[in-house]
Amino acid sequence: MFKIYSVALQPYFRILKKLIMVKNLVIVESPAKAKTIEGFLGKDFVVKSSFGHVRDLSKTKLGVDIENNFTPIYEISADKKNVVSELKKLSKDAEVVWLATDEDREGEAISWHLAESLKLDLKKCKRIVFHEITKTAIKNAIESPRSIDLNLVDAQQARRVLDRLVGFELSPLLWKKVKPSLSAGRVQSVAVRLIVEREKEIQEFKTMGSFRVTGLFYAMHNGQPATIKAELPHRFQTREEALTFLEKCKNAQYFVNDIETKPARKTPAAPFTTSTLQQEASRKLGFSVSRTMLVAQKLYESGKITYMRTDSVNLSDTAIGMAKEMISKSFGDEYIKIRQYSTKSKGAQEAHEAIRPTYMNVQEAGSDDSERRLYDLIWKRTIASQMSDALLEKTNVTIGISTTSENFIATGEVLKFDGFLKVYLESTDDEDDEAQEGILPPLKIKQELMPDHILAQERFTKHPARYTEASLVKKLEELGIGRPSTYAPTISTIQKREYVVKESREGAKRGYTQLILKDNKIDEQKKSEITGAEKNKLFPTDIGIVVNNFLLEYFVQIMDYNFTANVEKEFDNIAQGMKQWTRVIKEFYYPFHDKVENTLQKSERFSGERLLGKDPKTGKDIIARIGRFGPMVQIGHPDDEEKPLFAGIRKDQSMETITLEEALDLFKLPRKVGAFEGKEIVAAVGRFGPYLRYDSKFVSIPKQDDPLSVTLERAIELIEEKRIKDKEKIIKEFKENDSIKILKGRWGAYLSADGQNYKLPKDKDPEKLSLEECLNIIKEGTSTQKSRTTRKKATGKATGKTKK
DNA sequence: CAGTGAGCGAGCTTCCGCTTGACTT
C-alpha cells in the first residue's frame with residue numbers, strides 16, 4: 001500500500017527536493033553583505049557569510065612545523081565551528097559553490113580555507129570577486145568566475161607564518177628577560193617605537209624664544225577707517241633687537257609699497273578610508289579610534305554606509321552618479337566636478353569602495369547622536385569629493401616704513417567661489433595657527449597707512465607633537481604597517497600591555513615679554529601663558545621604553561620602520577609566482593631564530609636599571625628598575641647580607657625621571673596616620689593608587705591629597721565620606737543575617753554575601769527579595785561558582801581586559 | 001580590588017588579520 005503511494009508520489013518528491021536543495025551557494029565574509037547580495041540574486045541563490053577567517057594556526061601552540069618545511073597546522077577556530085558545519089551542509093547539496101570573499105590576500109586565503117575545511121569539490125567551486133555591492137557588479141562577477149589563486153594564498157600563508165614566528169619567539173624572550181606576559185610583534189613593536197622615539201625627541205627639544213612683530217594699521221575706505229593686520233616676515237632673536245626696531249618705528253610713516261594679487265584654489269579631500277575617517281572623527285568629533293569603528297559598524301549593519309574597513313578612495317559609478325544628482329539639485333551644476341581619486345598609501349589592497357553613504361540622497365541617518373554625527377561627516381566628505389574647487393584670490397601687501405628698510409607684509413584672502421567649501425573642509429593636526437588671513441580693504445600703491453600699534457611678542461618654538469591615537473594610525477598607514485581591520489585593535493593592544501598610556505596633562509605657566517609701541521611710547525609688559533597642556537595624547541610608559549630599548553638592541557631588523565615594506569615586497573614575489581613562500585620564510589627564520597637563541601643564552605636580564613644615588617641611612621645603592629610587577633625602586637642589592645627593600649613606583653612617576661628624594665619617600669609608606677574610634681588608620685599606595693586602610697576596609701585617597709602628608713582629620717573625613725557612599729549602595733539588608741546584602745553595582749543590583757557576589761534573577765524586583773530567596777541564590781550560586789573556576793582561563797583573560 | 005620584587009619551578013602569558021555577537025558582579 002505504502003509502496004504504491006510512494007511510487008506514485010515520486011515525481012512530487014523530486015520537485016520538493018529541488019525546492020529545498022540549494023542550487024547556488026554564495027559565501028561572502030560579512031553577514032550584512034550577504035543580506036544585501038541575496039536581494040540582488042534570484043531565488044536560485046542562497047548567500048551565506050563565513051564571518052571572516054574560519055581557520056587559523058593553533059591559538060596556544062606555535063602551529064608551524066618548522067622541521068617539516070614550515071608546514072602550517074591549521075585548526076577551525078573555536079567560534080567558527082558552527083559556521084563551518086552549517087556551510088558544509090549547504091555546500092553538499094549545492095550545485096555550485098561561489099566563493100565570493102574579498103579580492104585581496106586575506107580574502108583569497110579565506111576562500112582557500114573554506115574550500116579546504118568544507119572539503120569542497122573543486123569542480124563545482126567557483127571563485128568570484130566584486131569591489132562594489134551593486135546588482136550589475138555582482139551579475140558581472142557571476143559571469144566571469146575563476147579558480148582560487150594559490151600563489152596569492154601562499155603569500156597570505158607566508159604573512160601569517162612570519163607574524164606567528166616573530167610574535168611567538170620574541171614574546172617568550174621578553175618574559176624571560178624583562179617581565180612576564182609581555183608581547184612583541186611586527187606591528188605593535190614598531191607602533192610603540194614611534195611613540196617612544198617621539199617622546200625622546202620631545203625631551204631633547206630645546207625651546208627657543210624669539211620676537212614676532214605684528215602691526216595694526218588703518219586705511220580710510222569710503223570715509224570709514226578699515227583695519228589691516230600685518231607682520232614682519234622675520235623674527236628678532238633678542239628683546240634688544242626688537243626694542244631697537246620699535247624705537248626706529250617711533251614717528252615713522254607707513255606706505256603701501258606693493259600690492260600683489262594672485263589666484264589660488266583649494267581642492268577637496270578624497271573620500272574616506274578607515275584611516276582618514278578615524279583621523280577626521282578624532283579631530284572633528286573627538287572620537288577615539290575604537291569608538292569611530294564601533295559607530296561605523298552600526299551604520300554599516302543598518303545599511304546606511306558601505307563597508308568601513310577599507311584602504312580604497314574609489315567610488316563606484318553609481319555612487320558618483322548619485323552624488324552628481326544630489327549636488328546638482330542642492331547647489332547647482334556649477335558645483336559639480338567628477339573626480340577619480342587614487343590611493344597614496346603603501347600596500348593598499350583596495351578590495352572595497354571608499355567609505356560612503358549607501359544612498360547619497362539620504363542626508364541624515366543614524367539611530368543615536370554619535371551615529372548621526374559620523375554619518376553627517378561621511379555624507380559631507382563624500383559629496384564634497386565630487387564638487388568643484390574653491391577659487392580664492394590671495395593678496396600680499398608690502399608696507400614700507402619711512403625710517404628703515406624693513407617691510408611689513410599683510411596678507412588677505414578673498415573667496416571668489418566657494419565650491420566644495422560649501423559643504424566640508426578637512427581639518428589638520430596643526431594646533432597652532434597664528435597666521436591670520438582675512439579680508440583686506442581696497443588699497444592703492446603709495447597710500448599712507450596710519451599705525452594703531454606695533455607689537456613685539458616673545459614666541460617660543462614648539463616641540464614635535466605627541467601622537468594621538470588617530471595620528472599614530474596615520475603614521476602607521478604611511479609606513480604601510482597594519483591594515484584597516486587592525487588599526488583600532490593595535491592601539492588597544494599597546495595600551496593593554498601598558499607600553500603606552502593615553503593621557504591628558506595640564507600645562508605649566510610660562511612667562512613671556514611683550515613690547516608695545518603706541519602713540520610713540522614703548523611699553524614693556526611681562527605676561528604669562530599656559531604651555532605644554534596635552535589632551536588625549538599617547539605617552540610611553542617605563543615598560544614601553546625598556547621593552548623598546550631591548551628590542552632595538554637585539555632585533556633592529558624587526559624594529560626597522562621599513563621591515564614591513566621589505567617583507568611585503570617578498571610577499572608580492574610569492575603572489576606573482578616568482579618565489580616559493582617557504583623559501584622566503586626560511587631565509588628570514590634561521591638568522592632570526594639564531595639571534596633569539598643567542599640573546600637567550602648571552603644577554604643579562606634587561607630591566608632598565610638606573611642608579612639614583614645612595615641611601616643616606618645605610619649608604620646602600622638606590623636603584624630604579626623593572627621588577628616582576630612593574631617599575632620599582634630598591635635599596636641595596638640581592639647579594640647583600642640583608643635583603644633589599646622594595647617599593648613600587650607610583651603611576652604618576654617614572655623610572656626615567658624619579659629623583660632620589662622621591663624614591664626615599666616611597667619607602668615611608670605604609671604609614672600610620674593615627675587612631676579613630678579605637679582603630680588604627682594606615683596610609684599606603686596599592687595597585688589602584690593611594691589608599692587608607694581602616695578596620696580592614698579600604699578608602700581611596702583622592703588626587704588632591706597625598707598619602708605622605710594626609711592628616712588624621714582629613715583621613716577621618718574621607719572614611720566618613722566613604723561610609724555614607726557605602727550606605728547609598730545598599731538596596732536591602734536583613735536583620736537576621738547581616739552578612740547578606742543586596743547592593744547597587746555597575747551593572748545594577750547584585751547580591752553580596754561574605755565577600756562573594758552573586759547574580760540576581762532578572763524577573764524579580766531586588767527590593768522585594770526575601771532572605772530565603774537570597775539564601776537560595778547563594779546555594780545555586782555555588783554551582784555557577786564552580787563552573788566559573790573551571791572556566792578560569794577564559795574569564796581571566798576577560799577581566800584582564802577591563803583592568804587596563 | 002589594594003601586603004608582591006632574590007631563587008626554586010609548576011603553569012600561565014604571546015603574533016596579525018578577517019569577521020561579529022556574547023555578556024559582564
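Sequence lines set the chain letters: A, B, ... in the order given, protein chains first and strands last, and positions in each chain run from 1.
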Exercise for the section: Look only at the side chain of E570(A) and the backbone of N566(A), and say whether a donor-acceptor pair between them is shorter than 3.5 Å. Expected result: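 No; judged by distance alone, with no hydrogens or angles, the pair does not exist.
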Specify the separation, in whole Å, of atom [atom1] of [X] and atom [atom2] of [N].
| X | N | atom1 | atom2 | value |
| --- | --- | --- | --- | --- |
| D56(A) | dT14(B) | CG | P | 15 Å |
| K298(A) | dT20(B) | NZ | P | 14 Å |
| L294(A) | dT19(B) | CG | P | 15 Å |
| Q297(A) | dG21(B) | CD | P | 8 Å |
| E301(A) | dT20(B) | CD | P | 6 Å |
| L666(A) | dG5(B) | CG | P | 17 Å |
| K176(A) | dT14(B) | NZ | C1' | 12 Å |
| I623(A) | dG5(B) | CD1 | C1' | 13 Å |

Under 4.0 Å: is that the gap between some side-chain N or O of [X] and OP1 or OP2 of [N]?
| X | N | result |
| --- | --- | --- |
| T486(A) | dG17(B) | yes |
| S485(A) | dC18(B) | yes |
| R159(A) | dC18(B) | no |
| Y691(A) | dG3(B) | yes |
| S30(A) | dT19(B) | no |
| Q188(A) | dC16(B) | yes |
| R55(A) | dC18(B) | no |
| R497(A) | dC15(B) | yes |

Handout entry: 4.5 Å side-chain heavy-atom contact, L114(A) and V54(A)
Key =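 Side-chain contact under 4.5 Å: yes.
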Exercise for the section: Compare all side-chain heavy atoms of L152(A) with those of Q156(A) and state whether any distance is below 4.5 angstrom. Expected result: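 They are not in contact (no side-chain heavy atoms under 4.5 Å apart), so the answer is no.
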Practice task
From the options Q349(A), R127(A), H352(A), H131(A), select the one residue that forms a side chain to side chain donor-acceptor pair (under 3.5 Å) with E103(A).
Solution key: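 The passing option is H131(A).
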Exercise for the section: For L182(A) and for R625(A), find the nucleotide of DNA chain B with the closest heavy atom, then tell me which residue's nucleotide is more 5'. Expected result: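 Closer to the 5' end of DNA chain B: R625(A).
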Completion exercise
Of R309(A) and V187(A), the one whose nearest nucleotide on DNA chain B sits closer to the 5' end is V187(A)
Classify [X] by what it touches in the nucleic acid, base, sugar-phosphate, or nothing, heavy-atom distance under 4.0 Å.
| X | result |
| --- | --- |
| Y307(A) | sugar-phosphate |
| G648(A) | base |
| P670(A) | nothing |
| D79(A) | nothing |
| S77(A) | nothing |
| A109(A) | nothing |
| G52(A) | base |
| S49(A) | nothing |

Fill in the blank from the handout: To the nearest 0.5 Å, atom CE of M293(A) lies from atom CG of L277(A) at 7.5 Å
Practice task
Output yes if the stacking criterion (under 5.5 Å between centres, under 30° between planes) is met for F51(A) over the base of dT20(B), else no.
Solution key: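 Check failed, F51(A) does not stack on base of dT20(B).
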Practice task
Using the aromatic ring of F168(A) (for Trp, its six-membered ring), decide whether it stacks on the base of dC15(B) within the limits of 5.5 Å and 30°.
Solution key: no
Choosing from [options], which nucleotide comes nearest the side chain of [X]?
| X | options | value |
| --- | --- | --- |
| D104(A) | dA6(B), dG17(B), dC18(B) | dC18(B) |
| S171(A) | dG7(B), dC18(B), dT14(B) | dT14(B) |
| F629(A) | dT14(B), dT4(B), dT19(B) | dT4(B) |
| R164(A) | dC15(B), dC18(B), dT20(B) | dC15(B) |

Practice task
Just do the side chain to side chain donor-acceptor pair (under 3.5 Å) check on D560(A) and Q557(A) with the steps written out, would you?
Solution key: CA-CA 5 Å; D560(A) 191 317; Q557(A) 182 196 14; over 6 Å; no
Exercise for the section: Evaluate whether atom NZ of K620(A) has more than 12 neighbouring non-hydrogen atoms of other residues, nucleotides or ligands under 6.0 angstrom away. Expected result: yes
Handout entry: Reference residue E106(A); test salt bridge (charged side-chain N to carboxylate O under 4.0 Å, His left out); the match among R483(A), R309(A), R159(A)
Key =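 The single option meeting the salt bridge (charged side-chain N to carboxylate O under 4.0 Å, His left out) with E106(A) is R159(A).
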Got a donor-acceptor pair under 3.5 Å from the side chain of [X] to the base of [N]?
| X | N | answer |
| --- | --- | --- |
| R483(A) | dC16(B) | no |
| S181(A) | dT13(B) | yes |
| R160(A) | dC15(B) | yes |

Handout entry: Whole-Å C1' distance, dA22(B) and dC1(B)
Key =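 dA22(B) and dC1(B) have their C1' atoms separated by 25 Å.
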Problem - Spacing of the P atoms in dA2(B) and dT25(B) (rounded, Å) - result: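 The answer is 16 Å between these two P atoms.
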